[in-house]
Amino acid sequence: MRKIFAVIPLIIICLVFLTACSNSNPVQNKGGLMDKKILVAYFSWSGNTEYIAKQIQAKTGADLFKIDVETPYPKDYSTVTQIAKKQIQGGEKVAIKGSVDTSAYDLIILGTPAWWYTMAPAVKTFLEDNNFEGKEIATFVTHGGGGGYKIAQEMNQYAKGSKLVAKPLVIYSRGESNTDKEIDNWVKSLK
């Protein structure tokens, strides 16, 4: 009986140790991200890009910044597509609300819906208005059936002096049943 009571403290110590090891920070398990200060900056009109941005933020522990426009877009899809087409084809600079100090971050993850084969005009403004010199950039794109086009390369061109560190994550709408795993794999590629 004494032997059992002598073993119990050892079992408790082992359980405490194992519990502490299993409660590690999720960012530490992502291979190289734990030492980086990360920002997820995104524009979302329909909520799809925001949904994916929040999933990425939860998996990386990143700060989150919503790129919002001064003049809100209408809720009607047909009207928005016509406005976006005009803005993109005219090279219009869309005014955005708020700002974030990008110099405080090592890795900036940029998200946009695909609008007329390119990024949303608000994301272009965000890229033009901030300094990305020496920053690592990763991108994600949500789309309604057209794919990711060359949006990641375009974003990298506007983020002058930055380095694109991963293939873009391209998600249809809000994703499908395997989207969570797809995001996990993409986050792991951001070493």
Practice prompt. May I have the step-by-step check of side chain to side chain contact (heavy atoms under 4.5 Å, CB included) for Lys124 and Thr118, ending in yes or no?
Written response: CA-CA 10 Å; Lys124 183 179 172 190; Thr118 190; over 6 Å; no

Worksheet entry | Worked verdict on Asn48 versus Ile52 for side chain to side chain contact (heavy atoms under 4.5 Å, CB included) | CA-CA 7 Å; Asn48 293 339; Ile52 301 301; 5.9 Å; no

Practice prompt. Report yes if some heavy atom in the side chain of Val123 is under 4.5 Å from a heavy atom in the side chain of Tyr158; otherwise report no.
Written response: no

Practice prompt. Would you check if Tyr73 and Thr79 make a side-chain contact, meaning some heavy-atom pair closer than 4.5 Å?
Written response: no

Worksheet item: Minimum heavy-atom separation for Ser99 to Phe65, with atom names?
Response: O-CE1, 3.7 Å

Worksheet item: Can you hop from Ile67 to Leu64 via hydrophobic side chains spaced under 4.5 Å?
Response: no

Worksheet item: Are side-chain heavy atoms of Asp63 and Lys37 found at a separation under 4.5 Å?
Response: yes

Discussion item. One pair to check against side chain to side chain donor-acceptor pair (under 3.5 Å): Tyr172 and Glu176. What are the steps and the verdict?
Written reply: CA-CA 8 Å; Tyr172 174 75; Glu176 298 171 0; over 6 Å; no

Discussion item. Do Ile151 and Tyr117 make a side-chain contact, defined as non-hydrogen atoms from C-beta onward lying under 4.5 Å apart?
Written reply: no

Discussion item. Closer than 4.0 angstrom, basic N to acidic O: yes or no for Lys93 and Asp129?
Written reply: yes

Worksheet item: Can you tell me if Ser162 uses its side chain to pair, donor with acceptor, with the backbone of Glu133 under 3.5 Å?
Response: no

Worksheet item: Which pair of heavy atoms, one from Ala166 and one from Leu190, lies closest together, and at what distance?
Response: CB-CD2, 3.6 Å

Worksheet item: Are Ile88 and Val80 connected, step by step, through hydrophobic side chains (Ile, Leu, Val, Met, Phe, Trp, Tyr) whose heavy atoms are closer than 4.5 Å?
Response: yes

Worksheet item: Is Phe140 reachable from Met119 through a run of hydrophobic residues whose side-chain heavy atoms are each under 4.5 Å from the next?
Response: no

Discussion item. Closer than 3.5 angstrom, by distance alone: can the side chain of Ser173 be matched with the main-chain N or O of Gly175 as a donor-acceptor pair?
Written reply: no

Practice prompt. Report yes or no: does Gln87 contribute a side-chain atom to a donor-acceptor pair with the main-chain N or O of Glu92 at less than 3.5 Å?
Written response: no

Response to the item:
Correct closest heavy-atom pair for Gly148 and Val170 would be N-CG1, 3.6 Å

Worksheet item: Checking side chain to side chain contact (heavy atoms under 4.5 Å, CB included) for the pair Tyr105/Ile38: CA distance, chi angles, key distance, verdict?
Response: CA-CA 6 Å; Tyr105 298 93; Ile38 305 168; 5.5 Å; no

Worksheet item: Distance-only, no hydrogens or angles: does the Asn178 side chain make a donor-acceptor pair with backbone N or O of Lys181 under 3.5 Å?
Response: no

Practice prompt. Specify the closest pair of heavy atoms between Ala62 and Val40, including all atoms of both residues, with the distance to one decimal.
Written response: CB-CG2, 3.7 Å

Worksheet entry | Any donor-acceptor N/O pair, Trp116 side chain to Gln89 backbone, under 3.5 Å | no

Fill in: Minimal non-hydrogen separation, His143 against Ala114, with atom names
CB-CB, 4.0 Å

Fill in: Parallel, tilted or perpendicular: rings of Tyr77 and Trp45 (30°, 60°)
tilted

Discussion item. Using the rule given for side chain to side chain contact (heavy atoms under 4.5 Å, CB included), can you reason through Phe132 versus Ile137, listing the C-alpha separation, both sets of side-chain angles and the distance that settles it, and then say yes or no?
Written reply: CA-CA 8 Å; Phe132 295 92; Ile137 302 290; 3.6 Å; yes

Worksheet item: Can you check whether Phe126's main-chain N or O pairs, donor with acceptor, with Asn130's side chain at less than 3.5 Å?
Response: yes

Item to complete: Check whether any side-chain heavy atom of Leu169 lies under 4.5 Å from a side-chain heavy atom of Val141, and answer yes or no.
Response: no

Discussion item. With a 3.5 Å distance limit and no angle check, can you tell me whether Thr125 reaches the backbone of Pro121 through a side-chain donor-acceptor pair?
Written reply: yes

Worksheet item: Can Val187 be reached from Ile171 by stepping across I, L, V, M, F, W or Y side chains whose heavy atoms are under 4.5 Å apart?
Response: yes

Item to complete: Tell me yes or no: between the side chains of Asn131 and Thr102, is some donor less than 3.5 Å from an acceptor?
Response: no

Item to complete: Start with the C-alpha distance between Trp115 and Tyr149, add both sets of side-chain angles, then the distance that settles ring pair (Phe, Tyr, Trp, His ring centres under 6.0 Å), and finish with yes or no.
Response: CA-CA 10 Å; Trp115 280 9; Tyr149 307 104; over 10 Å; no

Worksheet entry | Check: Leu107 and Lys135 side chains under 4.5 Å, non-hydrogen atoms | no

Discussion item. If I compare all heavy atoms of Met155 with all of Thr112, which pair ends up nearest, and what's the gap?
Written reply: CE-CG2, 3.3 Å

Worksheet, complete the sentence: Value for CD1 (Ile56) from CD1 (Ile109), rounded to nearest 0.5 Å, stands at 6.0 Å

Worksheet item: Would you say Val94 and Thr71 make side-chain contact, with heavy atoms under 4.5 Å?
Response: no

Worksheet item: With a 4.5 Å heavy-atom cut-off, do Asp106 and Glu136 have their side chains touching?
Response: no

Response to the item:
CD of Glu182 to CD of Gln55, rounded to nearest 0.5 Å, is 10.5 Å

Discussion item. Could you tell me if Glu50 and Tyr42 have a donor-acceptor pair between their side chains, going purely by distance under 3.5 Å?
Written reply: yes

Response to the item:
Taken to the nearest 0.5 Å, the spacing of Thr139 OG1 from Lys167 NZ works out to 12.5 Å

Worksheet item: Are Ile83 and Phe43 connected, step by step, through hydrophobic side chains (Ile, Leu, Val, Met, Phe, Trp, Tyr) whose heavy atoms are closer than 4.5 Å?
Response: yes

Worksheet item: Atom CG in Leu127, atom CD in Glu154: separation rounded to 0.5 Å?
Response: 10.5 Å

